[in-house]
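Heads up: the structure comes next, in structure tokens.
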Amino acid sequence: MQKTERFSTYRHTFVYGNNLIVTKQFIVLNHADGTRTFTDFHRYVENPNKKIKKFNEDGNNRFIFINKFLNYAFFTVGISSLSELTIDIGRNFLNAYGMHELPDDDEYVHRGKSTVEKCVKAVLDFYINLTNDKSSGCKIRSADLYRYVTGRDKYGKAIKKMIPQFDVNFIPSSKEPIFRDMPNKAFTLLFDHIAINHTELLGLVMHQAFAGLRPSEACNVRRIDSPLGAGIRIREVNGKLCGVTIDLRDELNLRSDLLSVGNIKKERIAKVPDIFLSAYKDTYEIYMAYMENKPYEAEYGAFSVNKQGRAITYDSYYNKFKEIIKNEMIPIYLNSNDNELVLYGQTLMEHSLSPHVFRHWFTVQLVLSGINEPGTLMAFRGDTSPESALTYINNKGELEKQFSKITNETFDYTLWAAKKKHNEGI
């Protein structure tokens, strides 16, 4: 296949100050011969109304939207400079994006309403920044581009919301619902298998399943004794476990080779819900026993490390998990005497499973335990908007049909097997 010119994101990562890891994104033009040219288009990607921001903010997925927009404008429409952008180009792109009609779209593309709205906001902001730059040559008037309507934020406070002056159509996503269905039997077998055969991943899995962290956030967890600050705080009173919190306030450098382990989507102090405290503590002790005499880079104190002692990265975790599912778990499910597990194994042969399944399971259990307030569920999940929390809460009846509440007894075999494995030195 012949290579063509395309815009893409170039990430530059460096360490600043007290081991704070900083990633800056730039837009580059990749040429057909394999070379690239840096542009200054990143100047127009930021939110024009956000003048005070953290030094290490990287722009997140705005760059994904803008690269699609630039590739459409330059290589589908055929403009040669940003000064040639028109409102029609923006409107046509956003409608093509919402209707799955971009040149690179295929039958596997799924975009929900919230994704389309984020794309609209990113493109409108790009236009606004461009028109505010008097040297850009762009002649678009803001009044022709957008208008403000009064709305409410997630706290019920009245706000002005920017919307385009034109309609944007989209096809409701036909993607399967957010629920990454996994029978409890299948979940327990997977948890057991990782605890026994891939214990190096147990620290990641426990923070997803018992604290609701995203896979990349789990990679950012530090040990209690980390020189960069305690990443985990376990509070006990008179020998009774009262609470566990995880420090996710900053993306710090956790590796001597300066390789980023992944992003923290919502910087926060995460809390382990009470229903998972006992399971968390038991699994924590199993993992720390496994880590005795194992190498790790003490100057960083990452909680989950690979065999070389360096913090496990999101990419490494993701790829290893996929291998485990494909090469180990599917055969286990298919060879089971339980028809439900066999059916699940057959399902996995056609549908991909990612580490996000643990965060999904965590959320399901919270809802089934009686959490029906979106704000509370958002806080435990580290969400920035209530959409996901509302989806789970509004589908509680369906969840109750598919799942049952997990109790500490569910993990009896896991804990017994993992302890047995450790004590036997297997």
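What you are looking at is a predicted structure, and each value in this text was computed from that prediction instead of being measured.
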Spacing of [X] atom [atom1] and [Y] atom [atom2] [to the nearest 0.5 Å]:
| X | Y | atom1 | atom2 | value |
| --- | --- | --- | --- | --- |
| Met378 | Ile393 | CE | CD1 | 10.0 Å |
| Arg214 | Leu248 | CZ | CG | 9.5 Å |
| Leu341 | Asn335 | CG | CG | 11.0 Å |
| Met349 | Tyr333 | CE | OH | 14.5 Å |
| Ile324 | His198 | CD1 | NE2 | 4.0 Å |
| Phe75 | Leu70 | CZ | CG | 8.5 Å |

When the aromatic ring centroids of [X] and [Y] are compared, is their separation below 6.0 Å?
| X | Y | result |
| --- | --- | --- |
| His207 | Tyr280 | yes |
| Tyr97 | Phe69 | no |
| Phe210 | Phe191 | yes |
| Phe276 | Phe362 | yes |
| Tyr392 | His360 | yes |

Tell me the closest heavy-atom pair linking [X] and [Y], and the distance in Å.
| X | Y | value |
| --- | --- | --- |
| Pro48 | Asn129 | CB-OD1, 3.2 Å |
| Asn253 | Asn19 | O-ND2, 2.6 Å |
| Val272 | Ala211 | CG2-CB, 4.0 Å |
| Ala209 | Phe187 | CB-CZ, 4.2 Å |
| Leu124 | Ile163 | CD1-C, 4.2 Å |
| Leu254 | Ala311 | O-CB, 3.7 Å |

Please lay out, stage by stage, how Val28 and Thr39 fare under the test side-chain contact (heavy atoms from CB on, under 4.5 Å). CA-CA 6 Å; Val28 297; Thr39 75; 5.9 Å; no

Does [X] use its side chain to pair, donor to acceptor, with the backbone of [Y] at less than 3.5 Å?
| X | Y | result |
| --- | --- | --- |
| Asn263 | Lys265 | no |
| Glu387 | Ser114 | no |
| Asp338 | Glu340 | yes |
| Glu373 | Thr376 | yes |
| Thr76 | Ala73 | no |
| Asp125 | Asn47 | no |
| Thr313 | Ser316 | yes |
| Gln208 | Leu213 | yes |
| Arg359 | Arg381 | yes |
| Asn220 | Gly262 | yes |

Between [X] and [Y], is any pair of side-chain heavy atoms under 4.5 Å apart?
| X | Y | value |
| --- | --- | --- |
| Tyr344 | Met182 | yes |
| Phe126 | Leu82 | yes |
| Tyr127 | Tyr146 | no |
| Lys294 | Glu200 | no |
| Thr13 | Glu251 | no |
| Glu297 | Val305 | no |
| Arg43 | Asp133 | yes |
| Arg310 | Leu259 | no |

Phe63, Phe26, Tyr10 screened by ring-ring contact (aromatic ring centres under 6.0 Å, His included) with His42, the one that passes: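 Option passing the ring-ring contact (aromatic ring centres under 6.0 Å, His included) with His42: Phe26.
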
Going by atom types only, do Ser8 and Asn30 share a side-chain donor-acceptor pair under 3.5 Å?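 A donor-acceptor contact under 3.5 Å links the two side chains.
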
Are Asp33 and Thr35 linked by a side-chain donor-acceptor pair shorter than 3.5 Å?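 On atom types as modelled, these side chains qualify, holding a pair under 3.5 Å.
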
Take atom NZ of Lys326 as the centre, draw a 6.0 Å sphere, and report whether it contains more than 12 heavy atoms from other residues, nucleotides or ligands.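 No, because the 6.0 Å sphere around NZ of Lys326 holds 12 heavy atoms or fewer from other groups.
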
Would the number of heavy atoms belonging to other residues, nucleotides or ligands and lying under 6.0 Å from NZ of Lys271 be above 12?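 No - once you tally the heavy atoms of other residues, nucleotides and ligands closer than 6.0 Å, there are 12 at most.
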
Just jot down the ring pair (Phe, Tyr, Trp, His ring centres under 6.0 Å) partners of Tyr284, sequence neighbours excluded, or say none.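 Here the qualifying residues are Phe303.
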
After noting the C-alpha distance and the side-chain angles of Ile325 and Ile330, does the key distance pass the side-chain contact (heavy atoms from CB on, under 4.5 Å) rule? CA-CA 6 Å; Ile325 296 298; Ile330 289 179; 4.3 Å; yes

Once salt bridge (charged side-chain N to carboxylate O under 4.0 Å, His left out) is applied, what residue pairs with a partner in residues 229-243 remain, sequence neighbours excluded?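 Residue pairs with at least one partner in residues 229-243: Glu236-Lys281.
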
Tell me whether the rings of Tyr72 and Phe93 are parallel (<30°), tilted (30 to 60°) or perpendicular (>60°).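 Tilted.
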
Would you check, one step at a time, whether the test side-chain contact (heavy atoms from CB on, under 4.5 Å) holds for Leu353 with Met329? CA-CA 11 Å; Leu353 193 68; Met329 292 311 302; over 6 Å; no

Report the C-alpha distance between Gln365 and Asn184 in whole Å, list the side-chain angles of each, state the deciding distance to 0.1 Å, and finish with yes or no for side-chain contact (heavy atoms from CB on, under 4.5 Å). CA-CA 11 Å; Gln365 296 307 313; Asn184 289 333; 4.2 Å; yes

